[in-house]
Number of protein chains: 2
Amino acid sequence: MDPYSDAQRPLYEVKANLFKGLAHPLRVRVLEVLSASPSVSVADLLADTGLEASHLSQHLSVLRRHNLVTAERRASQVFYRLAYPEVAELLSVARALLVRVLETTHSQLVSTVTLPFAADLATSEDPEMIR
Amino acid sequence: MDPYSDAQRPLYEVKANLFKGLAHPLRVRVLEVLSASPSVSVADLLADTGLEASHLSQHLSVLRRHNLVTAERRASQVFYRLAYPEVAELLSVARALLVRVLETTHSQLVSTVTLPFAADLATSEDPEMIR
DNA sequence: CTCCGACTTGATGGATGCATCACACCATGG
DNA sequence: CCATGGTGTGATGCATCCATCAAGTCGGAG
């Protein structure tokens, strides 16, 4: 990513671009693994994800391009780590949000399912609320 | 989003899906505006973003579907707000990460540009580091 | 009731991302 | 030097997302 152009674009565009880099399950998985270890070899990531080497490499390339990870070659092996500890923080906050979402929507769904008139109650709680 | 299927999918998939919902500049912009106000009318969002109504509506639909915002109709107007305060927190942490990235990459670029031998120095700092 | 402003939904062409296979590059041992 | 293990890059068909226009729905005033 060109640091000059990032510095000159609106922050919401730069943020959206960051989220694009994060918007694939396997890339999130890789970052989670890297959050749990200081440094991980590509071989270990291959074992963890079950991906073919070139497939993982493509995803790692995206992560590198977004400055989310750094790569270090040691002999014939390459090791990856998070480029910044803030990446782990971001994943952690995302998790907290999802837990919250899940608690809320799941409890609503459960109450709808288990109570015979719950559908009516749920509707009358906030009749103006469009979901 | 189906709460049951989210509860049953791996967390990294659910996270990635969340990031997909965030992966467009205008959706980030909307969330930022909503982070700054308790409740914002669609008309205000239209004015802020400069979008055509149907275009904004499509993006708002994505945000609703991802449980990031809630909508409330009052007479002929609709008002939006963040579904959870954690959404603002996530944007804030993303910002902190980007600031960090920008500081780091920008200072590297500046040192490369301003010092005649800086390119050599930057290279020898960590010769094993692949960027 | 009709009309109109506000907003949403549907359809679609073009842009971008993903998965896969072939090939390239690097490091090391024989 | 060649062979091999480890990893990265390029090309491409298919899937998904984005932007845009047309049409639909809701609420309220006359």
Side-chain angles (χ1 to χ4, degrees), chain A residues 1 12-13 15-31 33-34 39-66 68-81 123 126-131, chain B residues 1 12-13 15-31 33-34 39-66 68-81 127-131:
Chain A
M1 315 310 301
Y12 59 87
E13 278 187 23
K15 279 184 190 171
N17 189 59
L18 166 66
F19 292 129
K20 275 181 194 165
L22 295 165
H24 188 283
L26 287 172
R27 293 203 288 277
V28 173
R29 179 65 194 150
V30 167
L31 292 175
V33 172
L34 295 188
S39 181
V40 184
S41 70
V42 171
D44 285 340
L45 290 172
L46 286 171
D48 183 272
T49 60
L51 283 183
E52 189 215 332
S54 68
H55 192 183
L56 176 61
S57 201
Q58 295 265 29
H59 282 302
L60 290 174
S61 172
V62 172
L63 293 174
R64 289 200 310 272
R65 202 177 68 231
H66 282 82
L68 295 171
V69 298
T70 55
E72 176 178 11
R73 180 177 281 272
R74 289 189 221 132
S76 68
Q77 296 200 308
V78 179
F79 290 79
Y80 277 77
R81 58 185 152 192
T123 304
D126 198 344
E128 301 273 334
M129 188 66 68
I130 303 168
R131 259 287 163 77
Chain B
M1 317 310 303
Y12 59 86
E13 279 186 23
K15 279 184 190 172
N17 189 59
L18 165 65
F19 292 130
K20 276 182 194 166
L22 296 166
H24 188 284
L26 288 172
R27 294 205 287 278
V28 174
R29 178 65 193 149
V30 167
L31 292 174
V33 172
L34 297 187
S39 182
V40 183
S41 70
V42 172
D44 285 341
L45 289 174
L46 286 172
D48 183 273
T49 60
L51 284 185
E52 188 216 332
S54 67
H55 191 182
L56 176 62
S57 201
Q58 295 265 24
H59 283 302
L60 290 174
S61 173
V62 172
L63 293 174
R64 288 199 309 274
R65 202 176 68 233
H66 282 82
L68 295 171
V69 298
T70 56
E72 176 179 12
R73 180 177 280 273
R74 287 188 223 131
S76 68
Q77 296 201 309
V78 179
F79 290 78
Y80 277 78
R81 57 186 152 193
E128 300 272 337
M129 187 67 69
I130 302 169
R131 260 283 162 82

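Sequence lines set the chain letters: A, B, ... in the order given, protein chains first and strands last, and positions in each chain run from 1. Quick caveat: nothing in here was measured; it's all calculated off a predicted structure.
A straight line from CZ of Phe79(A) to P of dC26(C) spans 19 Å, rounded to a whole angstrom. Following rounding to the nearest Å, Leu51(A) (CG) and dC18(C) (P) show an atom-to-atom distance of 13 Å. In this structure, the NZ atom of Lys20(B) is 11 Å from the P atom of dC18(D), given to the nearest Å. Residue Arg73(A) contributes atom CZ, which lies 7 Å from atom C1' of dA27(C) at whole-angstrom precision. Regarding Glu72(A), its CD atom lies at a distance of 18 Å from the P atom of dC26(C), rounded to whole Å. What separates CG of Leu60(A) from C1' of dC18(C) is a distance of 15 Å, to the nearest Å. Rounding to whole angstrom units, CG of residue Leu56(A) and P of dG6(D) are separated by 14 Å. At whole-Å resolution of the value, CZ in Arg65(A) and C1' in dG8(D) are 14 Å apart.
Without hydrogens or angle criteria, His24(B) side chain to Leu26(B) main chain gives a donor-acceptor distance under 3.5 Å. For the pair Arg74(B) (side chain) and Phe79(B) (backbone), a donor-acceptor distance under 3.5 Å is absent. Remark: the backbone N or O of Asn17(B) is paired with a side-chain donor or acceptor of His66(B) at under 3.5 angstrom. Between the side chain of Arg27(B) and the backbone N or O of Leu63(B), no donor-acceptor pair lies under 3.5 Å.
Of all nucleotides listed (dA27(C), dC18(C), dT7(D)), dA27(C) comes nearest to the side chain of Ala75(A). Of the candidates dC18(D), dA6(C), dT9(D), dT9(D) carries the atom nearest the Ser61(A) side chain, counting heavy atoms from C-beta on. Out of dA19(D), dT20(C), dC21(D), the shortest distance to the side chain of His24(B) is found at dA19(D). Of the candidates dC17(D), dC7(C), dT7(D), dT7(D) carries the atom nearest the Ala43(A) side chain, counting heavy atoms from C-beta on. Of all nucleotides listed (dT8(C), dG6(D), dC21(D)), dC21(D) comes nearest to the side chain of Glu52(B).
A close approach under 4.0 Å does not occur between any side-chain nitrogen or oxygen of His59(A) and OP1 or OP2 of dG17(C). Between His55(A) and dC21(C), a side-chain N or O to OP1/OP2 separation shorter than 4.0 Å is absent. For dC18(D), one of the phosphate oxygens OP1 or OP2 lies less than 4.0 angstrom from a side-chain nitrogen or oxygen of Arg27(B).
Of the candidates Leu60(A), Val40(A), Val33(A), Leu60(A) is the only one forming a side-chain contact (heavy atoms from CB on, under 4.5 Å) with Tyr80(A).
A donor and an acceptor atom sit less than 3.5 Å apart, one in the side chain of Gln58(B) and one in the base of dT20(D).
Residues Ser76(A) and Leu26(B) each lie close to DNA chain D; by heavy-atom proximity, the contact nearer the 5' end of the strand is made by Ser76(A). Nearest-nucleotide mapping onto DNA chain D: of Val62(B) and Tyr80(A), the residue sitting toward the 5' end is Tyr80(A).
Using a 4.0 Å heavy-atom cutoff across all strands shown, Ser54(A) reaches at least one base atom of the nucleic acid.
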